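These figures come from a predicted structure and were not determined experimentally. Index from 1, following the sequence.
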Amino acid sequence: MQADTLKKIQQYNQAHLLKFRDSLDLAGKEQLDAQLEAIDWDTLDSLIKEYVLQKPQVKIPENLEPAPYYPIKPENEQQRALYEKAEALGKDLLENGKVATLTVAGGQGTRLGFDGPKGTFPISPVKNKSLFQYFAETLIRIRQKYGKPMKWYIMTSDMNNEATVQHFTDNNFFGLDPEQVMFFTQGTMPAIGTDGKLLLGAKDSLALAPDGHGGTLLALKRSGALEEMNKNGVEYISYFQVDNPLITIANPLFLGLHALDESEMSAIMLAKTGPFEKLGNFCKSGNALEIIEYSDMPEELARQTDADGKLRFIAGSPAIHVISRSFIERLTSGGRLNLPWHRADKKVPYIDDAGNEIIPEDINAVKLESFIFDALPLASKTMVLEAAREDEFAPTKNRTGVDSVESCREMMIDRDCRRLEAAGVAIPRNVDGVPALKVEISPLAVIDQEDAVAYVKNKHVSIPVGAGELYLD
Ligand code: UTP
C-alpha cells in the first residue's frame, strides 16, 4: 500500500481497516489496498464530521415558492398551439435518433427484499415479465414506431452488475439488439459506522454501497457513454427509475417542450395526494428549481393552500426527467461533480474486530448518497410538465401496501384496461370500479393510446365472458 494512504488512514483513525490485512492472500490484499487507495481521505473525513458524527443541517432557502409548471392539458389557444408544436418536435427528435434513454438500476432495493437486482423482479400482472423485459419490449416498439433504435443506457452498481447483465444474456436481450444496450456501473461510497469508523464488509473489503442515483452523471462521463452519445448525435436523455413500469419512455410532448424551452433539465410533476405524501416537492428559490424532500419540507409550507383550497406546493416528483447531454457534459467536464450528499441511516452487515460477521438488528451505519434532482438548481433553464399519475407512475418499492408490487400491478392492469376502454372495448368492472379480470397488454404491441386504438381495430378485441385474465400481444 502506498505510504501516503497508510499515513492518512492512521491520521484519520481508521487503522482498524487493516486489522486482517496481514492474514490475506495476495488477491485479498490487492483488493483491499485498491479500495483504500481510491478514497480521498481528507474529503471523506470532512464528510464524516459533517454528515455522520452529527445530523446534517438541512438548509431550506427562505424564499421558497411553488415551482411553475405546464398543466397536463393546455389551458388556452396559445398553449394548445405550443403543445402541438412541441409534440411534433418531440416526434421529430425520436425519428431522428436524437434521444437516448437512461435507467438508474444500481440501487439495493432493500425495501423490496428481493434476491436479485430490482429490474429482474417479475412485475407484469399476467405474464410475470421482469421490469427489464417490460422496458426492453417497450424499446422494441419504440424502434418500430419511430424508425430509429433508442439506445438504452442502464446504470448498475458493483453489487448488481453481474446479475443484471446475466438476466439480459440469459434471455437473449428480450429480442433487443444487444448493440442497443450499454451497461455501466456507478461509483460506490464506504458505509460508515455511526461512530465515524468505516466498516469492513469482509476481511479483504470495505462495506461499500452505491453512491446514489446522482452518481449517474459522473458515471455517464467516466464510462464513455456521454462520448458515445455525442458521436451518435444524441442530444436528449429520457431518464427513469427501474422500479416504474408505467413510465412513458418516448414522450414526444415532454421532449418537445424541453427542446423548445431550451431547458437543460426537465421534470415531470404529479399532483400530490396530500401535504405529506412521500414525494419530493418542486419549489422555486429565486431562479433556481429545487426539489425539497418530503422529510425536509417545513410543515407549514406543506400545508399551505391557495384561495380555492388546493395545496400551494402541489407538485410532487416521480423522478422522471429529460436531461440535455450538453448539460451533463458541462457539469462533469472537470471529471468531478460535487452534488450535495444525503445521509441515510441503515443496518449494514460488517466484520467486527474479532473477525466475526455481524448482522445488526438496529441501525449501525450511515450511507451517503447523491440525488439526481440536486442537478436541477445547476441548470441554466428548467421545465416542469404535469402528468397523470395513473398513466406515468407506479413505483415498486415495497412488497405490499403503498408503492408496492401489489399496487404497481393494480395500476398496470388499470392502465391497460383504460386504454382498451378508450379504444371502445367494454371492460367488466366490480362494484368498486376495479377491473373484474387481470389484463396485460404487451408493450411489443401497445405503448400509447394511438397504438391501443390501432390494436383493437386490427385484432377485434373483445373480453371473453367470465375470463379471469387476458394477455394481449
Ligand atoms: P430508491 O431510492 O428507491 O432505492 O431508488 P432502491 O435501491 O431502489 O430501494 P431501497 O431504498 O433500498 O428500498 C430509486 C431508483 O434509483 C436507483 C434505484 O435502482 C431505483 O431505480 N438507484 C438508487 C441507483 O441507481 N443507485 C443508487 O445508488 C440508488
With under 30° as parallel and over 60° as perpendicular, where do the rings of Phe132 and His167 fit, or are they tilted in between?
->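 Taking His167 first and then Phe132, their aromatic rings sit tilted (interplane angle of 30° to 60°).
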Fit a plane to each ring of Tyr239 and His321, take the angle between them on a 0 to 90° scale, and name the class: parallel (under 30°), tilted (30 to 60°) or perpendicular (over 60°).
->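 Tyr239 vs His321 ring planes: tilted.
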Between [X] (side chain) and [Y] (backbone), is there a donor-acceptor pair under 3.5 Å?
X: Thr120; Y: Pro117; value: yes
X: Lys118; Y: Val242; value: no
X: Ser285; Y: Ala288; value: no
X: Asp177; Y: Glu179; value: yes
X: Asn458; Y: Ala454; value: yes
X: Glu386; Y: Ala271; value: no
X: Gln79; Y: Pro74; value: no
X: Ser263; Y: Met265; value: yes
X: Asn160; Y: Ala105; value: yes
X: Asn244; Y: Glu392; value: yes

Any heavy-atom pair between the side chains of [Y] and [X] that's under 4.5 Å?
X: Ile39; Y: Pro190; result: yes
X: Gln180; Y: Phe173; result: no
X: Ile328; Y: Met229; result: no
X: Phe282; Y: Lys272; result: no
X: Ser223; Y: Met182; result: yes
X: Asn281; Y: Leu64; result: no
X: Ile441; Y: Leu420; result: yes
X: Gln241; Y: Pro395; result: no

Can you measure from [atom1] ([X]) to [atom2] ([Y]) and round to the nearest 0.5 angstrom?
X: Cys408; Y: Asn398; atom1: SG; atom2: CG; answer: 11.5 Å
X: Leu139; Y: Ile447; atom1: CG; atom2: CD1; answer: 8.5 Å
X: Asp211; Y: Leu218; atom1: CG; atom2: CG; answer: 8.5 Å
X: Glu293; Y: Asp374; atom1: CD; atom2: CG; answer: 8.0 Å
X: Met189; Y: Leu198; atom1: CE; atom2: CG; answer: 9.0 Å
X: Ile123; Y: Asp243; atom1: CD1; atom2: CG; answer: 9.5 Å

Looking only at heavy atoms, which two atoms of [X] and [Y] are closest? And how far apart?
X: Gly106; Y: Ser157; answer: O-OG, 2.8 Å
X: Pro245; Y: Phe135; answer: CA-CE2, 3.7 Å
X: Cys283; Y: Met297; answer: SG-CE, 4.1 Å
X: Leu217; Y: Ala375; answer: CD1-CB, 3.9 Å
X: Ala445; Y: Arg141; answer: O-NE, 3.8 Å
X: Ala388; Y: Leu270; answer: C-CD2, 4.2 Å

Could you verify whether a donor N or O on one side chain and an acceptor N or O on the other, from [X] and [Y], lie under 3.5 Å apart?
X: Glu235; Y: Ser326; result: no
X: Lys346; Y: Gln108; result: no
X: Asp40; Y: Thr43; result: yes

What's the verdict on side-chain hydrogen bond (donor to acceptor under 3.5 Å, both in side chains) for Thr156 and Asn161, showing C-alpha distance, side-chain angles and the deciding distance?
-> CA-CA 5 Å; Thr156 61; Asn161 183 63; 2.7 Å; yes
Around atom [atom1] of [X], are there more than 12 heavy atoms from other residues, nucleotides or ligands closer than 6.0 Å?
X: Gln449; atom1: CD; value: yes
X: Glu162; atom1: CD; value: no
X: Asp170; atom1: CG; value: yes

Decide, yes or no, whether a salt bridge links [X] with [Y] under the criterion of side-chain N to carboxylate O below 4.0 Å.
X: Arg418; Y: Asp391; value: yes
X: Asp451; Y: Lys145; value: yes
X: Lys127; Y: Asp473; value: no
X: Arg389; Y: Glu277; value: yes

Audit row: Lys438, Asp416, salt bridge (charged side-chain N to carboxylate O under 4.0 Å, His left out) steps and yes/no = CA-CA 10 Å; Lys438 283 194 209 169; Asp416 285 354; over 6 Å; no
Mind jotting down which residue pairs meet the salt bridge (charged side-chain N to carboxylate O under 4.0 Å, His left out) criterion with at least one end in residues 310-331? Sequence neighbours excluded, please.
->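 Sorted pair list: Glu65-Arg312, Glu264-Arg330, Arg325-Glu329.
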Of all pairs that satisfy salt bridge (charged side-chain N to carboxylate O under 4.0 Å, His left out), the ones with a partner from residues 148-160, not counting sequence neighbours |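 Listed by first then second residue: Lys151-Glu228.
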Assess whether side chain to side chain contact (heavy atoms under 4.5 Å, CB included) is satisfied between Phe183 and Ile154, documenting all intermediate values.
-> CA-CA 5 Å; Phe183 302 95; Ile154 301 177; 3.8 Å; yes
Mind running side chain to side chain contact (heavy atoms under 4.5 Å, CB included) on Leu255 and Lys98 for me, showing each step along the way?
-> CA-CA 10 Å; Leu255 287 162; Lys98 302 283 179 204; over 6 Å; no
Please output the side-chain donor-acceptor pairs of residues 80-90 that fall under 3.5 Å, not counting sequence neighbours, one pair per line with the distance.
unit_1	atom_1	unit_2	atom_2	d
Arg80	NE	Glu77	OE2	3.1
Tyr83	OH	Pro71	O	2.5

Would you check if the distance from the ring center of Phe174 to the ring center of Phe168 is below 6.0 Å?
->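 Here the rings of Phe168 and Phe174 have centres that are less than 6.0 Å from each other.
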Do you know which of Leu102, Ile323, Thr332 makes side-chain contact (heavy atoms from CB on, under 4.5 Å) with Leu220?
->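 Passing option: Leu102.
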Is there a side chain to side chain contact (heavy atoms under 4.5 Å, CB included) between Tyr153 and Val234 once you walk through the steps?
-> CA-CA 12 Å; Tyr153 294 92; Val234 167; 5.7 Å; no
Please report the C-alpha distance between Leu206 and Thr188 in whole Å, then the side-chain angles of each, then the deciding distance to 0.1 Å, and finally whether the side chain to side chain contact (heavy atoms under 4.5 Å, CB included) criterion is met.
-> CA-CA 11 Å; Leu206 299 174; Thr188 52; over 6 Å; no
